[in-house]
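Starting from 1, each residue takes its place in the sequence as its number.
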Amino acid sequence: MAMATFKRIDHVVIATAELADAAAKWERNLGLKVDATLEQPLGSGFKAARLPVGDAFIELVQPVAEKGRFAEQFKERGEGFFSISIEVDDLDEAVGYLRGKGARVSEPEPGIWPSSRVARVRASSAHGVPIQLIERR
């Protein structure tokens, strides 16, 4: 299989216990301002805020449900760096390419941001860094 096209860092996800407090600190300390928020997108059990940085953004994410994938990971890992999101031209191609290399990658699914699809690369396949692949249409 041909090399997949990995375009750029799309965003970095930061987990926080209190979204409003974290957003205020990012604005006060670095001048980054929230330009969009999502309340439990796709029934996710978290809320998110987007802070643009150049052509990428920081996504602050707070759990708002006791159960679910994010809530469990937050309980285990706590606040701080959560994952990096890399934009790809073709998500299905990228997933197939990485699986062909032996990486553990989830099935593509709708992303929380409009017109996006995502797949997750396990941290064990990326030297300890959780990666989300994102395709934007």
Side-chain angles (χ1 to χ4, degrees):
M1 176 172 272
M3 175 75 172
T5 303
F6 299 93
K7 294 172 68 172
R8 66 184 183 98
I9 293 175
D10 187 82
H11 64 280
V12 174
V13 181
I14 307 292
T16 180
E18 178 47 55
L19 190 68
D21 180 57
K25 284 181 182 172
W26 281 88
E27 182 173 352
R28 182 179 66 242
N29 295 336
L30 298 173
L32 302 179
K33 296 180 191 219
V34 171
D35 77 340
T37 59
L38 299 171
E39 292 288 329
Q40 297 199 56
L42 306 175
S44 63
F46 62 78
K47 58 184 178 178
R50 182 176 69 188
L51 292 81
V53 181
D55 70 348
F57 63 93
I58 292 171
E59 179 182 298
L60 300 175
V61 182
Q62 174 192 327
V64 293
E66 292 296 315
K67 302 224 182 276
R69 179 172 59 199
F70 183 73
E72 296 306 315
Q73 290 178 338
F74 185 80
K75 286 175 192 168
E76 181 181 307
R77 295 165 53 187
E79 288 191 305
F81 172 78
F82 195 76
S83 65
I84 188 168
S85 183
I86 298 173
E87 185 178 359
V88 298
D89 279 332
D90 183 319
L91 186 61
D92 298 308
E93 177 183 73
V95 167
Y97 174 79
L98 290 171
R99 286 180 177 165
K101 298 287 185 186
R104 295 178 61 200
V105 185
S106 71
E107 288 297 318
E109 63 187 71
I112 66 169
W113 297 102
S115 303
S116 69
R117 291 191 323 139
V118 300
R120 290 168 185 77
V121 180
R122 291 278 179 96
S124 60
S125 294
H127 205 66
V129 177
I131 295 175
Q132 174 182 274
L133 303 175
I134 186 167
E135 173 189 87
R136 295 185 175 278
R137 298 273 174 186

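A donor-acceptor contact shorter than 3.5 Å is absent between the side chain of Arg50 and the backbone of Thr37. No donor-acceptor pair under 3.5 Å is formed between the side chain of Thr5 and the backbone N or O of Lys7.
Distance CG/Asp92 to CG/Leu133: 11.0 Å, rounded to 0.5 Å. Of the inter-residue distances, the one linking Ser116 atom OG with Arg136 atom CZ reads 5.5 Å to the nearest 0.5 angstrom. Annotation: the span from Lys25 atom NZ to Leu60 atom CG amounts to 11.5 Å, rounded to 0.5 Å. Distance CD1/Ile131 to CZ/Arg122: 13.5 Å, rounded to 0.5 Å.
Not counting sequence neighbours, the partners of Lys75 by the side-chain contact (heavy atoms from CB on, under 4.5 Å) test are Glu66, Glu72.
Shown here for Pro130 and Ala123, the closest heavy-atom pair between the two residues is N-CB, 3.8 Å. Listed here is the closest heavy atom pair of Val118 and Pro110: CG2-O, 4.1 Å. Here the closest non-hydrogen pair linking Ala65 and Ala71 is O-CB, 3.3 Å.
Residues Leu98 and Ser125 form no side-chain contact, since every pair of their non-hydrogen atoms from C-beta on lies 4.5 Å or further apart. No side-chain heavy atom of Gln62 sits under 4.5 Å from any side-chain heavy atom of Phe74. With contacts defined as side-chain heavy-atom distances shorter than 4.5 Å, the pair Ile58/Leu32 qualifies. Contact check for Thr16 versus Val61: no side-chain heavy atoms found under the 4.5 Å cut-off. In this structure, Trp26 and Lys33 have side chains that are not in contact, with every pair of non-hydrogen atoms separated by 4.5 Å or more.
Salt bridge Asp10/Arg8: present, at least one basic N to carboxylate O contact under 4.0 Å. A salt bridge links Glu135 to Arg117: at least one charged side-chain nitrogen sits closer than 4.0 Å to a carboxylate oxygen.
Legend: salt bridge (Lys or Arg N to Asp or Glu O under 4.0 Å) pairs involving residues 103-116, not counting sequence neighbours, sorted by first then second residue: Arg69-Glu109, Arg99-Glu107, Glu109-Arg120. The ring-ring contact (aromatic ring centres under 6.0 Å, His included) pairs that include a residue from residues 34-66 are His11-Phe57, Phe46-Phe70, Phe57-Trp113, where partners are two or more places apart or lie in different chains.
Summarising the local packing, CD1 of Ile9 is surrounded by 12 or fewer heavy atoms from other residues, nucleotides or ligands at distances under 6.0 Å.
Gln132 and Ser83 form no side-chain donor-acceptor contact under 3.5 Å, judged by distance and modelled atom types alone.
Leu19 and Val64 are not part of a single hydrophobic cluster, where members link through side-chain heavy atoms under 4.5 Å apart. Under the 4.5 Å side-chain heavy-atom criterion for grouping Ile, Leu, Val, Met, Phe, Trp and Tyr, Leu38 is not connected to Ile134 through any hydrophobic cluster. Criterion: ILVMFWY side-chain heavy atoms under 4.5 Å apart, direct or through other members. Under it, Ile84 and Leu91 are part of a common hydrophobic cluster.
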Could you give me the CA-CA distance, side-chain angles and deciding distance for Val129 and Phe81, then say whether side chain to side chain contact (heavy atoms under 4.5 Å, CB included) is met? CA-CA 10 Å; Val129 177; Phe81 172 78; 4.1 Å; yes

Any chance you could lay out the side chain to side chain contact (heavy atoms under 4.5 Å, CB included) test for Glu39 and Lys47, step after step, and finish with the verdict? CA-CA 5 Å; Glu39 292 288 329; Lys47 58 184 178 178; 3.7 Å; yes

